[in-house]
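Convention: sequence-line order gives letters A, B, ...; per-chain numbering from 1.
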Amino acid sequence: MHDQWTFIAFFLPVGFLAAAVAIIAGRLLGPRKPNPIKQSTYECGIETVGEAWVQFRIQYYIFALIFVIFDVEAVFLFPWAVAYNKLQLYMVLEGVLFILILAVGLFYAWRKGALEWS
Amino acid sequence: MDFNFWDPFTWIGEWLLNLLVGWGLAETIALTLLRFAGAVVLALVLLLIGGVLFTWLDRKLSARIQDRLGPNRVGPFGLFQGIADTLKLLTKEDIIPAGADKIVFNLAPLLVTMSVVGIWAVVPFAPTLIGTDLNVGLLYIISVGSIGTLGIMMAGWASNNKFALLGAFRTVAQMVAYEVPMVVVLLVPTMFTGSMSVHAIVEGQSSLWYVALAPVAALIFLTTSIAELGRAPFDLLEAESELVAGFNTEYTGIKWGMFFASEFLHGLTISALTAAIFLGGWQGPGAEARPLLGFVYFMIKTMVVYFGVTLLRFSMPRVRIDQLLDLNWKFLTPLALAAVCVTAVAEKLALATNWSRLGVHIIANVGLLILTLGALWVRARMVRRRFETEQMRLAARSESAAD
Amino acid sequence: MTIAQIVFLVISATTLVASILVVTSRKMVHAALWLVLSLGGVAVLFVLLQASFLAVVQVVIYIGAIAILIIFAVMLTRRMMYDTGSPINRYWWAGALAAVLLFAGLVVMLGQIPSITTQASALPIPEGELLSLLGTALVDVNGYMLPFEVASVLLLAALIGSLVVARPMERKTEEGDKR
Amino acid sequence: MIPLSWYLIVAAAMFCIGIYGVLARKNAVGILMGIELMLAAVILNLVAFWRYLTPARISGQAFAVIVFAVAASEAAVGLALIISIYRRRSTVVADEIDILKW
């Protein structure tokens, strides 16, 4: 088991560091002549009005919310799917029931218009 | 071990291991070193392919589809265009906008690159060539992908730019939304194989590819992957007419190149994953005994999927964000949930009744499709009727107002 | 010291430092990012404990989902971002005291458990089987069938509850939809 | 190798840091982050006990999975409450949310 993860313990940092090396190389190779206009925030040529960190619509949060719930649901179901071949019929139906209960939530969100973008 | 032309991977591994042990290293240390070397080689090859070769291939393909020539100046067929571009990006000035959060700003492209490269650790290239056979492979793919989502969020936030932040919000909303049907649909191959290991999933397809058993699931997986990737028709984050450039507006030089290269590599990644999970990976006639042949099969399948995705990309108009989210929440997610339920029942039915497994699944999938189309038809009629009554009411009101 | 011990110490030190930064950072987005690092460290500890399923679940749920949710919430409640005042309230010393006392008490109590110095024995079941055992246990009548189904009801309740709470008051759009 | 006590101490320390966050933070989202830390520490404890004391039984992992569901639900509902309060009162400072004190 640990053998399986040693590769990943090497692989992820290597992917990270390779990118970091490229960025450092870019830093060294590229010119550096900063000036205020160059460093100003890009706004299609129009002067920035107010801070960049404006408030956002609630809809983003709602989607993230539904996502979290369904993500957890899927994670619950993965062990069930792995054990699928060893399960009796009623156990499989329990997993289906689990999905159906969550589907009620999706249906509710749909009916309440929480899935609309506008 | 003798050199076996059909299995060079095992041979090279054994040879290197023997060499290291011959130098007096303990076997475990030698193995660890080999793993490290393998990780470095795989990561570098991927970054090179993603950054250099695939940018060229993609531009060439797109040019052909659009009846252009594409890059043809640097090297034969413009093959070295990617290298030239990389050099150009490396020598560009690295601008960090004023007011940006420097550390987070620099960290974001690294995380995005890492997340795309990291997926390849569990992709089986050939029966004897795989980074690591993780027994939670599918969830590992999802989890590494979610680090990329975080990286995009960080990029948008750290730029201190409205466009970047708005782009990041949109991208993240899109990515997390499409992750739901994707994760759900991955339950189907897990059920068939009884394991989450990608290697085991490929081995489980020796007689039948899962695309035959679960065509609906395969289609959903491919669609959601393209959406996660943010390619056309789901390329809202690069919607030039609406957003400046999305979350990477403020990035310049090689840091922007990182996002670019990881997007190309991600395109290859989803093709490889689709090929491995649903199209049998390296499976093919004679592949069990000849790993090199398996590697070739895997590459062919990956390229076929990649070509299909590219063709789709250049022949579809961009969807609107509300259509994009509707497609996900009101179509793909319910369909994915239904597909899992139907498959779970159908597989047990096939086992219990001794009917043909393929037949049961095909019938189940076709039934599901017919039901879906029926539901779509009913809904379309409903929407249309509502629209018509609305129109009629409006017309009546304007008439009475005219009176 | 074995390699496993060194890895453990490095990871747990990172985790704890990141946790401290979570509760002390002034900017909430930074706190959220430190939370990601801290929870990622816990995921690595799960790998060391040979619970790779829980490790990936930790990353998927905590980093991929909850952290994103928290960042979205921070962005939505943005006015705090300019708050350059102290991130801690008047009674922070009481909190610190409670935390230190609790930690001391826990350590003393832990010292009295006889099995505290147990070394891990080899896993009796291979890890792949472990997962399918877990899957069976979750839907078994004699296992965790009830908690499993209750969890789905809990998730449903959380979904409906938070939708009701978070949605804006005006409901013009759905009125049109329902007609 | 690593004895059980190391894991327990790390989990206890994380739990206490979480408690400090809950008690001392002004920002309600910060308080929630403290709670997440505490829950993560609990899961770590469960998994460590499972690995060291009852590796042959699956209960520890099953508990941990269920705590994950609880953590996600708690975050979803808690953040929804905070956002809802923020829209009415324009504040996320927990001390200023005192509408129940009338």
Side-chain angles (χ1 to χ4, degrees), chain A residues 3-8 10-12 14-16 18-20 22-23 25-27 29-34 36 38-44 48 52-54 56 60 63-64 66-67 70-71 74-75 77-78 81-85 89 92 95-96 99-100 102-103 106 109-110 115-118, chain B residues 32 35-36 38-40 42-44 47 90-95 97-99 106 109-110 113-114 117-118 121 131-134 139 160-162 165 169 173 176-177 179-180 183-184 187 190-191 194-196 244 249-250 253-255 258 321-322 325 329-330 333-334 337 340-341 344-345 348:
Chain A
D3 294 343
Q4 290 178 355
W5 284 96
T6 38
F7 183 82
I8 290 182
F10 291 136
F11 193 62
L12 287 182
V14 164
F16 187 83
I23 284 179
R27 257 264 152 93
L29 288 174
R32 273 188 78 68
K33 298 188 202 94
K38 203 188 282 172
Q39 282 178 301
S40 61
T41 308
Y42 180 72
E43 298 270 4
C44 276
T48 314
W53 290 320
V54 286
F56 288 97
Y60 288 114
F63 286 135
I66 303 173
F67 156 70
F70 277 89
D71 220 28
V75 160
L77 285 173
F78 265 102
V82 168
Y84 181 82
N85 288 326
L89 188 61
V92 171
V96 173
I99 294 178
L100 288 182
L102 262 291
L106 186 69
W110 192 338
L115 303 180
E116 310 299 332
W117 175 250
S118 56
Chain B
T32 313
R35 288 217 170 86
F36 178 68
V40 172
L42 182 56
L44 291 184
L47 280 176
L90 273 173
T91 51
K92 285 249 172 181
E93 178 169 358
D94 175 31
I95 303 169
N106 285 320
L110 303 185
T113 315
M114 184 183 91
V117 173
T132 176
D133 180 20
L134 213 58
L139 270 183
N160 187 23
N161 178 329
K162 282 189 187 105
L165 190 51
F169 259 81
V176 298
E179 204 171 307
V180 171
V183 178
V184 169
L187 288 166
T190 313
M191 255 188 294
S195 167
M196 277 192 266
V244 178
T249 306
E250 292 288 353
I254 194 71
K255 277 186 232 162
M258 292 272 121
I321 186 157
D322 60 323
L325 293 164
W329 292 117
K330 299 180 180 174
T333 308
L337 292 173
V340 170
C341 293
V345 176
K348 276 287 171 220

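Of the listed residues (B:V183, B:T91, B:V176), the greatest number of heavy-atom pairs within a distance under 4.5 Å of chain A belongs to B:V176. Put simply, of B:E179, B:R35, B:M114, the one with the most heavy-atom pairs under 4.5 Å next to chain A is B:R35. The residue among B:G131, B:G118, B:G38, B:P109 with the most heavy atom pairs within less than 4.5 Å of chain A is B:G131. Among A:L102, A:L89, A:I23, A:V75, the residue making the largest number of heavy-atom pairs under 4.5 Å with chain B is A:I23. The residue among B:C341, B:A177, B:A43, B:A39 with the most heavy atom pairs within less than 4.5 Å of chain A is B:A39. For the set A:P31, A:G26, A:G30, the count of heavy-atom pairs under 4.5 angstrom toward chain B peaks at A:P31.
No donor-acceptor pair closer than 3.5 Å links the side chain of B:T190 to the backbone N or O of A:V82. Between the A:Q4 side chain and the B:L134 main chain, no donor and acceptor come within less than 3.5 Å of each other.
For the atom pair A:R27 CZ and B:D94 CG, the distance stands at 4.5 Å (nearest 0.5 Å). Once rounded to the nearest 0.5 Å, the distance linking CH2 of A:W110 with OG1 of B:T333 reads 9.5 Å. Here NZ of B:K92 is found 14.0 Å from CG of A:L29. Values are rounded to the nearest 0.5 Å.
The two residues B:L110 and A:F16 have their closest heavy-atom pair at CB-CE1, 3.5 Å. Between B:P334 and A:L106, the closest heavy-atom pair is CG-CD2, 3.9 Å. Between A:V96 and B:A344, the shortest heavy-atom contact is CG2-CB, 4.4 Å.
The neighbour count for B:K330 NZ, taken as heavy atoms of other residues, nucleotides or ligands under 6.0 Å away, is above 12.
Interface residue B:M196: backbone and side-chain heavy atoms are both found under 4.5 Å from chain A. Heavy atoms of B:K348 lying under 4.5 Å from chain A belong to its backbone as well as its side chain. If you measure heavy-atom distances from B:L337 to chain A, the contacts under 4.5 Å come from both the backbone and the side chain. B:L42 touches chain A through backbone and side chain together, each having a heavy atom under 4.5 Å away. In this structure, the portions of B:L187 lying under 4.5 Å from any heavy atom of chain A include both its backbone and its side chain.
Residues passing the side chain to side chain contact (heavy atoms under 4.5 Å, CB included) test with B:L47 are A:A18, B:T113, B:V117, sequence neighbours excluded. Looking at residues two or more places apart in sequence or on another chain, you find no ring pair (Phe, Tyr, Trp, His ring centres under 6.0 Å) involving A:F78.
When side chains are defined from C-beta on, A:D71 does not count as touching B:V180, because their heavy atoms never get closer than 4.5 Å.
Here the options are A:F11, A:F10, A:F7, the test is side chain to side chain contact (heavy atoms under 4.5 Å, CB included), and the partner is B:F36; only A:F10 passes.
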